[in-house]
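What follows is a single structure, written as structure tokens, with notes after it.
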2 protein chains.
Amino acid sequence: MLKTRTKSKFKEFLLNQGLKSTQQRELILEEFLRAGSHLSTEDLYLRLRKKNPRIGYATVHRTLKLFAECGIAEQRHFGDGQARYEASDQDEHHDHLICVTCGRIVEFEDPRIEQLQVEVAAEHGFSIERHRLELYGFCSDCRQA
Amino acid sequence: MLKTRTKSKFKEFLLNQGLKSTQQRELILEEFLRAGSHLSTEDLYLRLRKKNPRIGYATVHRTLKLFAECGIAEQRHFGDGQARYEASDQDEHHDHLICVTCGRIVEFEDPRIEQLQVEVAAEHGFSIERHRLELYGFCSDCRQA
DNA sequence: TTTAAATTGAAATCCGTTTTCAAACGGATG
DNA sequence: CATCCGTTTGAAAACGGATTTCAATTTAAA
Ligand SMILES: [Mn+2]
Ligand SMILES: [Mn+2]
Ligand SMILES: [Zn+2]
Ligand SMILES: [Zn+2]
């Protein structure tokens, strides 16, 4: 999603919820969109500190949760015990390939798998709300090493 | 897997590792196999306490990790922040459907999905070591309520 | 037995997450 | 502007599950 679009969506969200637009929230969103994906609260906090030492971890944490609530970010868990966030691609969905050696994360989307998930769920009387699919293995670089 | 088979596999594991067979480990394995699947350390600990108040949480925790190391149990994470364990079905693999309302967990296995996972990974140069597929939604009971 | 090593369990510690609370800020109002 | 009130901030504390510590106990080999 375009940065400008994302920013205005967040502004609108704040308005609707009776929340305030603050210097910190703008800084955090700016840096979140600038930085690469799948970063932890700590990651983002450290990046922000470099430019603005007056920002608190708690604020970064709370703001990332606001992003998720607003729909401009998604929280992920890749099994290393810490939450990670990535910017939402509007209605786009994707799953992840994770290299267990170097930590590299590759995103993919496979409509066939998505479809089969729905079918399997239906066979068991379930309707799916969301899912999580993560493939852990070795990326090409790490496999030949 | 048969209980007897599982128990001897664990005994053998202990021997190979130079570990000792203790009263606690036998009690814990016994109760683990008796209880239903997908239970947390706390769950198992509480069940054990009823019959034997002299057992410690730390021991249950350590023993479950031993089970996993030995291959007779598998650790799972369903996103509620606590680890769960289930007995291994030898080489059998399965994934999970989880009802977000009542917590019901249904196991399934779909070779078509498994196959597509391998293909998708290969397309990105990955070889898969393991994966995690969880479908969250509403079971038939909870949907009509 | 005796002995050395492994195990136990209560309590302490770890570590990411979340909350608390007093001070600072945002923005609506006149 | 100046005032006011609800919101936000950030340091520190609390939280919660996982893990470790360590002195006492148990295991099993000698
Ligand atoms: Mn992603
Ligand atoms: Mn299962
Ligand atoms: Zn790699
Ligand atoms: Zn249900």
Side-chain angles (χ1 to χ4, degrees), chain A residues 7 10-32 38-70 73-85 103, chain B residues 10-32 38-70 73-85:
Chain A
K7 287 184 189 175
F10 185 53
K11 277 244 165 84
E12 192 181 344
F13 169 82
L14 292 176
L15 257 178
N16 288 344
Q17 307 284 314
L19 303 178
K20 292 177 175 176
S21 188
T22 69
Q23 220 176 311
Q24 284 90 335
R25 286 175 178 163
E26 290 189 16
L27 276 172
I28 293 169
L29 180 51
E30 185 68 46
E31 188 63 30
F32 175 67
H38 311 124
L39 27 64
S40 66
T41 307
E42 180 82 14
D43 290 340
L44 188 56
Y45 169 65
L46 290 178
R47 289 184 62 120
L48 282 156
R49 289 283 292 208
K50 288 183 186 162
K51 293 168 189 167
N52 188 336
R54 311 175 51 73
I55 207 147
Y57 180 93
T59 302
V60 177
H61 166 77
R62 287 184 289 228
T63 304
L64 281 170
K65 292 217 312 189
L66 275 187
F67 290 171
E69 206 181 325
C70 163
E74 308 211 26
Q75 194 186 54
R76 304 279 189 186
H77 290 270
F78 294 139
D80 64 345
Q82 65 186 336
R84 294 178 180 281
Y85 291 84
Chain B
F10 186 53
K11 277 243 166 85
E12 192 182 343
F13 168 81
L14 292 177
L15 257 178
N16 289 344
Q17 306 283 314
L19 303 178
K20 292 176 175 175
S21 187
T22 69
Q23 220 177 310
Q24 286 90 335
R25 284 176 179 163
E26 290 189 16
L27 276 172
I28 293 169
L29 180 51
E30 186 67 47
E31 189 62 32
F32 175 65
H38 310 123
L39 26 67
S40 65
T41 307
E42 179 82 14
D43 290 340
L44 188 56
Y45 169 65
L46 291 177
R47 289 183 62 119
L48 283 157
R49 290 282 292 208
K50 288 184 185 162
K51 294 166 188 167
N52 189 335
R54 310 174 53 70
I55 207 147
Y57 180 93
T59 303
V60 178
H61 166 76
R62 285 184 289 229
T63 304
L64 281 170
K65 292 218 310 189
L66 276 186
F67 291 171
E69 205 180 324
C70 163
E74 307 211 26
Q75 194 186 56
R76 303 279 189 187
H77 288 271
F78 294 140
D80 64 345
Q82 67 186 335
R84 293 176 180 281
Y85 291 85

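Every chain is numbered from 1, with letters handed out A, B, ... down the list of sequences. For the numbers below, each heavy atom of this structure counts, side chains included, while hydrogens, waters and symmetry mates do not. All of these numbers come straight from a predicted model, not from anything done at the bench.
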By ring-ring contact (aromatic ring centres under 6.0 Å, His included) - contacts of B/Y57 (at least two apart): B/Y45
Spatial distance of atom CD (B/E31) from atom CG (B/N52) [nearest 0.5 Å]: 10.5 Å
Straight-line distance of A/F10 CZ to A/E69 CD, nearest 0.5 Å: 9.5 Å
Closest-nucleotide ordering on DNA chain D, the 5'-leading residue of B/R62 and A/T59: A/T59
ring-ring contact (aromatic ring centres under 6.0 Å, His included) partners for B/H77, two or more places apart: none
Min side-chain heavy-atom separation B/E42-B/L46 under 4.5 Å: yes
d(NZ, A/K65; C1', C/dT17) in whole Å: 8 Å
Flag, side chain of B/R25 to backbone of B/K20, donor-acceptor distance under 3.5 Å: yes
For chain B, the stretch of DNA chain D it reaches, first to last nucleotide, under 4.0 Å of its heavy atoms: D/dG17 to D/dA28
From CA spacing to verdict: side-chain hydrogen bond (donor to acceptor under 3.5 Å, both in side chains), B/S21, B/E26: CA-CA 7 Å; B/S21 187; B/E26 290 189 16; 3.3 Å; yes
Interatomic spacing from OG1 in A/T63 to CG in A/L29 - rounded to 0.5 Å: 9.5 Å
Of residues 49-57 of chain A, the positions that come close to DNA chain D - non-hydrogen atoms, cut-off under 4.0 Å: A/R54, A/I55, A/G56
B/I55 side, atom CD1; B/Q23 side, atom CD - distance, nearest 0.5 Å: 9.0 Å
A/Q17 atom CD: more than 12 heavy-atom contacts under 6.0 Å: yes
Neighbours of DNA chain C within residues 14-30 of chain A, by heavy-atom distance under 4.0 Å: A/K20, A/S21
Distance (rounded to the nearest 0.5 Å) between B/R49 CZ and B/R54 CZ: 10.5 Å
5' priority, DNA chain C, between A/E42 and B/A58 [closest heavy atom]: B/A58
Validation row, ring centre B/H38 to ring centre B/Y85 under 6.0 Å: no
B/Q82 CD to B/T41 OG1 distance, which is reported to the nearest 0.5 Å: 8.0 Å
Within residues 78-85 of chain B: residues closer than 4.0 Å to DNA chain C (heavy atoms): none
